J.: 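Right, I'll just put the structure down here and ask away after.
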Amino acid sequence: MVKGVFKVNESQGFQQHTEALNNRYLELVEIICKANHPLSIATQDPQMINAVIKSNLLANPNTEIEMLHGVTPLVLKNIKEKGYQTRVYLVYGTQWFLHLCHRIAEYPPNIFQSVSDCLHPVNRKDDYYF
Ligand SMILES: Cc1cc2nc3c(=O)[nH]c(=O)nc-3n(C[C@H](O)[C@H](O)[C@H](O)COP(=O)(O)OP(=O)(O)OC[C@H]3O[C@@H](n4cnc5c(N)ncnc54)[C@H](O)[C@@H]3O)c2cc1C
């Protein structure tokens, strides 16, 4: 389950970064979880992650949190250490450059994060804890 990365018209779907989208995302997550269908909750959004942890949906062994490799890795580590199921989405192969451009376009502050990581790889303080 992802919030789509591409912009859509209002007639096609919810607009990005809106409460309506977040509410619908959580409603669908809950429906799928309660149906006991295998579900990967793929998001970088701390608000969504907090909400699914608080609602106890991650207690379902068929449900996991999935995050993109290298994006706030300490958040995922922290979730895993709490005993929840996690997964890392790792891209490999020759087509990596377009993927990298997409990731920067969807969250431009990561350019600064990558420079900071190169200079001080062990001093990451950006991640949130749950
Ligand atoms: C494993 C995985 C696979 C995906 N596959 C697809 C796909 O195939 N097709 C598709 O359309 N979308 C896909 N997505 C979704 C896309 O990459 C974005 O995650 C999504 O469009 C933006 O929603 P969001 O939940 O990250 O949060 P948003 O609503 O964009 O942002 C909310 C908050 O989350 C945090 N945040 C968001 N992005 C980042 C970031 N990169 N770094 C740090 N903090 C961040 C910020 O605090 C931000 O304020 C995938 C996501 C994941 C995790």
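Just so it is clear, the structure is predicted and the values come from calculations on it, not from any experiment. Every number for a ligand or one of its atoms is a count from 1 in the order of the listing.
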J.: Is there a polar contact between ligand 1 and Asn110, counting only N or O atoms under 3.5 Å apart?
T.: yes
J.: Please indicate whether any nitrogen or oxygen in Pro46 is less than 3.5 Å from any nitrogen or oxygen in ligand 1.
T.: no
J.: Heavy-atom distances under 4.0 Å are what count here, so tell me which part of Asp45 touches ligand 1: side chain, backbone, both or neither.
T.: both
J.: When rounded to the nearest 0.5 angstrom, what is the spacing between CG in Asn60 and CD in Gln85?
T.: 9.0 Å
J.: So, do Lys7 and Gln16 sit near enough that their side-chain heavy atoms are less than 4.5 Å apart?
T.: yes
J.: Below a 4.0 angstrom heavy-atom separation, can you tell me which part of Gln47, side chain or backbone, both or neither, approaches ligand 1?
T.: neither
J.: Answer yes or no: does an N/O atom from Tyr89 fall short of 3.5 Å to an N/O atom of ligand 1?
T.: no
J.: Would you say the side chain of Leu58 lies within less than 4.5 Å of the side chain of Thr63, judging by non-hydrogen atoms?
T.: yes
J.: Would a 4.5 Å heavy-atom cut-off, applied to side chains only, mark Lys80 and Ile65 as touching?
T.: no
J.: Between Arg103 and ligand 1, find which residue part has any heavy-atom pair under 4.0 Å and reply side chain, backbone, both or neither.
T.: side chain
J.: Mind checking side chain to side chain contact (heavy atoms under 4.5 Å, CB included) for Glu30 and listing every partner two or more places apart, or none if nothing turns up?
T.: Lys34, Leu57
J.: Under 3.5 Å, N or O to N or O, is Glu66 touching ligand 1 that way?
T.: no
J.: Which ligand 1 atoms are under 4.0 Å away from a heavy-atom of Val71?
T.: 40 (C), 41 (N), 42 (N), 43 (C)
J.: Listed by chain and number, what are the side chain to side chain contact (heavy atoms under 4.5 Å, CB included) partners of Phe14, not counting sequence neighbours?
T.: Ala20, Leu21, Arg24
J.: In terms of atom number and element, which parts of ligand 1 are under 4.0 angstrom from non-hydrogen atoms of Gln44?
T.: 25 (O), 26 (O), 34 (O), 35 (C), 36 (N), 37 (C), 38 (N), 39 (C), 45 (C), 53 (C)
J.: Measure from the ring center of Tyr92 to the ring center of His99 and say whether it is less than 6.0 Å.
T.: no
J.: Within a strict 4.5 Å, meaning less than it, do heavy atoms of the Leu100 and Val91 side chains meet?
T.: no
J.: Under 4.0 Å, counting heavy atoms only: does His17 come that close to any atom of ligand 1?
T.: yes
J.: Short list, please: which atoms of ligand 1 are under 4.0 Å from a heavy atom of Gly4?
T.: 11 (O), 21 (O)
J.: Taking heavy atoms and a distance under 4.0 Å, where does Val5 meet ligand 1: side chain, backbone, both or neither?
T.: both
J.: Does Gln16, backbone or side chain, put an N or O under 3.5 Å from an N or O of ligand 1?
T.: no
J.: Tell me whether Thr72 has any N or O atom under 3.5 angstrom from an N or O of ligand 1.
T.: no
